[in-house]
Amino acid sequence: MKYFGVTLASTEATHITRDNFYEPLDLTIRKRLLFNYALKNRRWIKVNGFLRRPGEWLNEKEAFEVTSLTSRMPLEQLQRRYPDYYPVINKSRWLSHRDEAQRLFDAFIPKVKRRKRTRYDDEIAEFCHDNGFVQIESLRTHAARGAGAYVMVLDDYLSVYFSVVPNVASSIIAHWDALLDLDAIQSLDTLPIDAFKALDTTRIFVKTTEKRNLEKLRSKLEDLVPYRYALNQSSPDIPGMGGTQDTNLALFPKGVEVHDAMGGYELFEYDLARELNVRPRTDDH
């Protein structure tokens, strides 16, 4: 189906539930196996999932085997075939973190039900109107594909998320695709935006600007956001607004260093559900 102009697979066209907003154990194991492979073999992990060293592709057989293993091989076969890279997961600890995640969900719903819809509607409308935001129906528009501020509105939960980013559409889609890393549960006191699914976003408002003006726009708007409804962690200090990548950093594990003759590179997770991304450190040239 298409939603805000974006084609969603059947698994993506969904709402948040008590069981679907965090990273499943199977995916955690496969993801960490790739991290271990990249670290021990001094490889990059490219956005599309292919593993490579800077400037040198792996041979076709190795690239196929390593990238296919994350989705096609049973875990038991992976463990036998890649014993040096297979991660050790404490299942009891993982289950404990899962229970913590579900308690966050259980606590969030009653809190939402205590909110007054009329007050919520009025405050969101006032903020967007007074600050020049325009409601959009598609993320394929020129406004959505450029720099600016945006408000994701989740009307079923009387909640919003606000950010200032270089590319509005990319940021929103990244949030839709994200899964909550259970290792970060203890750092959270409520559900973050990355816990919610695509269909939970019911309205989107955008205020465009040029990239060079992002910091000025952030400074102008950050104190005006209706924080009582904001899903931004640690409000009113909204994370991610001043950077080039809009993320809830608490949801992502720390990067690992992958060193080779060309220098150090930091390995990041970008989309926990689909792909791993690597980018050079800013101090490497």
Side-chain angles (χ1 to χ4, degrees), residues 8-12 14 19-102 173-174 176-186 194-195 197 247 249 251-281 284:
L8 301 178
S10 58
T11 55
E12 299 169 323
T14 185
D19 299 310
N20 74 352
F21 66 92
Y22 52 84
E23 183 177 281
L25 181 58
D26 180 273
L27 179 60
T28 297
I29 292 173
R30 296 171 190 276
K31 176 194 69 179
R32 292 185 184 177
L33 188 150
L34 280 177
F35 265 84
N36 291 342
Y37 181 95
L39 181 61
K40 293 183 179 181
N41 290 281
R42 300 182 178 184
R43 300 291 198 268
W44 281 23
I45 298 181
K46 199 173 172 63
V47 169
N48 64 8
F50 284 94
L51 293 163
R52 70 177 180 111
R53 290 178 293 198
E56 180 181 350
W57 287 100
L58 301 179
N59 65 69
E60 184 177 351
K61 181 176 182 293
E62 185 179 6
F64 176 79
E65 286 180 351
V66 175
T67 56
S68 297
L69 64 84
T70 60
S71 59
R72 298 182 183 182
M73 289 187 189
L75 292 180
E76 295 78 8
Q77 185 177 351
L78 281 177
Q79 189 169 17
R80 291 194 302 269
R81 188 164 183 176
Y82 298 93
D84 293 338
Y85 310 127
Y86 197 85
V88 177
I89 302 291
N90 185 323
K91 190 170 182 180
S92 295
R93 182 170 178 266
W94 185 91
L95 289 171
S96 175
H97 287 182
R98 181 205 61 185
D99 292 343
E100 290 182 51
Q102 292 180 332
I173 292 171
W176 287 352
D177 288 341
L179 288 172
L180 184 64
D181 184 346
L182 290 181
D183 284 340
I185 287 298
Q186 293 179 334
D194 286 347
K197 302 303 179 183
T247 58
L249 295 181
L251 304 182
F252 293 81
K254 293 180 180 179
V256 295
E257 290 296 317
V258 182
H259 294 278
D260 65 6
M262 297 180 65
Y265 295 89
E266 192 169 358
L267 183 62
F268 284 91
E269 283 184 272
Y270 176 65
D271 181 335
L272 297 179
R274 292 180 177 178
E275 63 194 10
L276 299 176
N277 183 40
V278 171
R279 63 183 60 190
R281 286 166 41 181
D284 289 326

Measuring only between side-chain heavy atoms, which start at C-beta, is Y22 closer than 4.5 Å to Q102? yes

Between F21 and A101, the two heavy atoms sitting closest are CZ-O, 3.2 Å

Between the CD atom in E100 and the CG atom in L95, the distance rounded to the nearest 0.5 Å is 11.5 Å

Derivation of the side-chain contact (heavy atoms from CB on, under 4.5 Å) call for E23 and L182
CA-CA 7 Å; E23 183 177 281; L182 290 181; 5.5 Å; no

So CG of L25 and CG of L75: to nearest 0.5 Å the spacing works out to 8.0 Å

Could you check if a side-chain atom of L78 sits within less than 4.5 angstrom of a side-chain atom of Y85, using non-hydrogen atoms only? no

Rounded to the nearest 0.5 Å, the CZ atom of R80 sits from the OH atom of Y86 at a distance of 10.5 Å

